[in-house]
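Below is one structure, written out as structure tokens; the observations come after it.
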Amino acid sequence: MIIPLKDEMDLEATLDGGQSFRWSSKDLEWWSGYIENNPIKIRSVLEKEQMNIEVDLNYVDIPIEMDSVTKYLNIDFDVGKMNKRLMEYREFRPYLKTMPKFRLLKQDPWETLISFMLSAQSNIPKIKKNIQSLSYESNNIVTAYGNVFYKFPTAERIYDVGEKKLRDLGMGFRSKNVYTVAGVVMRGEIDLYSLDGMDYSNAREILMELPGVGPKIADCVLAFSLDHQTAFPVDRWVARGINSMYPQTVDFTLDKLSQWGRDKFGSSASYAQQIFFHTQRWGL
DNA sequence: TCCCAGGGGAGTT
DNA sequence: AACTCCCATGGG
């Protein structure tokens, strides 16, 4: 299956740049992961000047909806227009020039919420390990061509697994909050799927009522799954990037930096945040 | 205001 | 090899 792109898309920067934790690649060409919780393998190819996303149809024997891939990868997002907009920030230009072209993903908000709750006071390899352990407990596997795939667990399943088991799996002090939030979602006390249509600050407040969800984690969920592009998640890496480029911000708290980013970049904030994160974490 | 809660990465000794 | 610090959140 071939899906045409209007502009190039660097899959490493998009899928393994801190937005998502279940993608991997052995050759940095083909990427294996999940879209709508179904295993999938994709690459980006340039063919006769035309850029495409190619889906490996021999990876699993599950029918793949082109629309779900298009949506997840935010294929219709106009990267050229965004880069042009950000070029107006003079100090940003060197970063933009070297930053590979990426997309803000539209992931499943449930999986994104739990993933970023697990990111608190952690690091990317450990988050990936936690999510893998969690998926092994999902009781929801797919087998295809001799391979076994573990889907991300539902709220009901995480609630059934229980806090103690989560602790045994290595989630540490996050276990209690993950368990509690699974209960809240299971009972329908929050509707994560309605947050994309809500205005940014309301949606953020609702997420922050959940235990274990502070401003940074709420912003990650809003930016990387719910298409709230004004969200500006600030962790240590992003803070360092901003502080070095804008010395007047060195004394700002993380949440104040988040406000600063929204004021400065407006609807380009999430995109700009990815550039700060990427350049700070992996260099120019 | 400081200290703590898993555990893994990264840098230093 | 053995240390030390780091890390977003919330509680004491």
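Numbers restart at 1 for each chain; the letters A, B, ... are given by sequence-line order, proteins then strands. Bear in mind the structure is a predicted one, so any value in this text is a computation, not a measurement.
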Around K151(A), counting heavy atoms of other residues, nucleotides and ligands shown, do more than 12 lie under 6.0 Å from its NZ? yes

Please classify the nucleic acid contact of R167(A) as base, sugar-phosphate, or nothing, using heavy-atom distances under 4.0 Å. sugar-phosphate

Ion pair present between K71(A) and E36(A), side-chain N to carboxylate O less than 4.0 angstrom? no

Is Y59(A) reaching over with its side chain to a backbone N or O of S32(A), donor-acceptor style, under 3.5 angstrom? no

Assess whether a salt bridge exists between D78(A) and K6(A), defined as any Lys/Arg side-chain N lying under 4.0 Å from an Asp/Glu carboxylate O. no

Taking dC3(B) as the reference, what is the distance to dT4(C) when you measure between their P atoms (whole Å, please)? 16 Å

Between S25(A) and W30(A), the two heavy atoms sitting closest are OG-O, 2.8 Å

Under a criterion of less than 4.0 angstrom to any heavy atom of chain A, what are the 5'-terminal and 3'-terminal contacting nucleotides of DNA chain B? dA5(B) to dG9(B)

Across all strands shown, which nucleotide pairs with dT1(B) by Watson-Crick or G-U wobble geometry, both distances under 3.5 Å? none

For the atom pair CZ (R204(A)) and CG (N202(A)), what is the distance rounded to the nearest 0.5 Å? 12.5 Å

Determine the minimum heavy-atom distance between A155(A) and M186(A), stating which atoms define it. CB-N, 3.9 Å

On a whole-Å scale, what distance lies between the P atoms belonging to dG10(C) and dG8(B)? 23 Å

Using the P atom as the reference point in each nucleotide, state the distance between dC6(C) and dC2(B) in Å, no decimals. 14 Å

Strictly by Watson-Crick or wobble contacts shorter than 3.5 Å, is anything paired with dT12(B), and which nucleotide is it? dA2(C)

5′-ward residue of the pair G172(A)/R281(A) relative to DNA chain B: G172(A)

Expected string for nucleotides 5-12 of chain C under the B/S/- scheme (protein heavy atoms, under 4.0 Å, primed atoms plus P, OP1, OP2 as sugar-phosphate) is -SBBSS--

Checking ring-ring contact (aromatic ring centres under 6.0 Å, His included) between F77(A) and each of Y72(A), Y271(A), F102(A), which is the one that passes? Y271(A)

